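First the structure, in the form of structure tokens, and then the observations on it.
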Amino acid sequence: MNDPQTATLDVVVVGGGMITHDQILPSLYHVQRTGRLGSIKVCALNSAPLRALAESPRFAEAFPGHAFEPFPPLAEPPEKMHPDLFREVIASLAPHNLGVVAVPDHFHDPVIRAALDCDQHVLAVKPLVPTYAQSVEIERVARDRGLMVGVEYHKRFD
């Protein structure tokens with residue numbers, strides 16, 4: 001077992017939009033800078049939001065030397081969609097790493113379940129899922145597999 005004081009997590013962020021740009025990726029880069037995170041992969045439906053993240057002057061200035069691995073690759077035409085690529089990217093992590101779910105609310109459930117099926121811990125932006133029944137099933141699966149599921153609240157009052 002890894003020493004919890006020196007263990008690092010590899011991360012897959014599913015979703016490359018505003019929340020990833022404004023909240024998730026800067027937070028991950030900061031934690032990576034402390035040595036607690038290993039690789040960061042970001043998966044989106046297409047390459048356009050990933051290109052915007054990769055070319056952000058804000059990140060270059062605040063986090064020099066930090067980068068993420070984009071899925072699909074930045075050279076991929078932005079009109080080409082990859083609706084199931086997140087499943088492959090999550091599956092590429094060794095078990096017991098971290099999947100961050102930053103997609104529109106109604107897509108949370110399939111992404112969370114894909115991460116749990118691959119034995120990954122999960123952090124989802126709020127809400128966890130749209131229905132109580134989905135949350136009960138996610139809790140059951142996570143407990144059965146010894147995994148943690150958390151909810152990130154970047155906006156407290158909406």
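Keep in mind that this is a model prediction, so the values were computed, not measured.
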Report yes or no: do Gln120 and His96 form a side-chain donor-acceptor pair below 3.5 Å? no
| Sub-4.5 Å side-chain heavy-atom contact between Val151 and Leu128 | yes
Output for pair (Phe68 CZ, Leu25 CG), nearest 0.5 Å, gives 6.5 Å
Practice task
Say whether Leu116 and Met148 are linked into one hydrophobic cluster, either directly or through other cluster members, by side-chain heavy-atom distances under 4.5 angstrom.
Solution key: no
Rounded to the nearest 0.5 Å, the CD atom of Glu69 sits from the SG atom of Cys43 at a distance of 11.0 Å
Item to check | More than 12 heavy atoms of other groups within 6.0 Å of Arg58 CZ | outcome: yes
To the nearest 0.5 Å, atom NZ of Lys126 lies from atom NE2 of His108 at 10.0 Å
*asked:* In the structure I gave you, are the side-chain heavy atoms of Ile90 and Val12 within less than 4.5 Å of one another anywhere?
replied: yes
task = Start with the C-alpha distance between Asp117 and Arg113, add both sets of side-chain angles, then the distance that settles salt bridge (charged side-chain N to carboxylate O under 4.0 Å, His left out), and finish with yes or no.
result = CA-CA 6 Å; Asp117 288 346; Arg113 289 176 189 256; over 6 Å; no
Closest non-hydrogen atoms of Gly38 and Thr8, given as atom of the first, atom of the second and distance, are N-CB, 4.0 Å
Heavy atoms from other residues, nucleotides or ligands near CD of Glu61 exceed 12 (cutoff 6.0 Å)
no
- Query: Quick one: does Ile138's side chain get under 4.5 Å of Asp109's, heavy atoms only?
  - Reply: yes
Rounding to 0.5 Å, atoms CD (Glu88) and NE2 (His82) come to a distance of 10.0 Å
- If the plane angle is over 60° it's perpendicular, under 30° parallel, otherwise tilted; pick one for Phe59 and His21. tilted
Can you find a pair of side-chain heavy atoms, one from Asp10 and one from Leu37, that are under 4.5 Å apart? no
Side chain to side chain contact (heavy atoms under 4.5 Å, CB included) for Leu98 and His121? Distances and angles first, verdict last. CA-CA 5 Å; Leu98 179 63; His121 301 290; 4.2 Å; yes
| query | Would the Phe63 and His30 ring centres measure less than 6.0 Å apart? | reply | no
Practice prompt. Using a 4.5 Å cut-off on heavy atoms from C-beta on, say whether the side chain of Pro72 contacts that of Leu85.
Written response: yes
Subject >> Verdict with supporting geometry, Val136 and Arg140, side chain to side chain contact (heavy atoms under 4.5 Å, CB included) >> reply: CA-CA 6 Å; Val136 169; Arg140 185 194 65 73; 5.7 Å; no
Heavy atoms of Ala142 and Val149 approach each other most closely as CB-CG2, 3.7 Å
Taking every heavy atom of Ala48 against every heavy atom of Pro78, the minimum-distance pair comes out as CB-CB, 4.0 Å
Spell out, yes or no, whether Leu45 and Val103 are grouped together once hydrophobic residues are joined by side-chain heavy atoms under 4.5 Å, including indirect joins.
no
Quick one: do Val13 and Leu9 end up in the same hydrophobic cluster if we chain Ile, Leu, Val, Met, Phe, Trp and Tyr together by side-chain heavy atoms under 4.5 Å apart? yes
NZ (Lys41) and CG (Leu50) are apart, to the nearest 0.5 Å, by 13.5 Å
Does the Asn97 side chain pair with the main chain of Ala94, one donor and one acceptor, at a distance under 3.5 Å?
yes
Determine, using the 4.5 Å side-chain heavy-atom cutoff (strictly less than), whether Ile24 and Met18 are members of one ILVMFWY cluster. yes
- Treat each ILVMFWY residue as a node, draw an edge where side-chain heavy atoms are under 4.5 Å apart, and state whether Leu74 and Ile40 are in one component. yes
Note: Pro26 and Thr20 closest approach over all heavy atoms is CD-O, 3.6 Å
So CG of Leu123 and CD of Glu152: to nearest 0.5 Å the spacing works out to 6.0 Å
Gln134 and Pro130 have their tightest heavy-atom pair at OE1-CD, 3.2 Å
Check whether any side-chain heavy atom of Phe86 sits under 4.5 Å from a side-chain heavy atom of Val111, and report yes or no. yes
Note: Leu53 and Gly16 closest approach over all heavy atoms is CD1-O, 3.8 Å
Review point. Yes or no on side chain to side chain contact (heavy atoms under 4.5 Å, CB included) for Val125 and Val101, after CA distance, side-chain angles and deciding distance?
Key: CA-CA 6 Å; Val125 298; Val101 181; over 6 Å; no
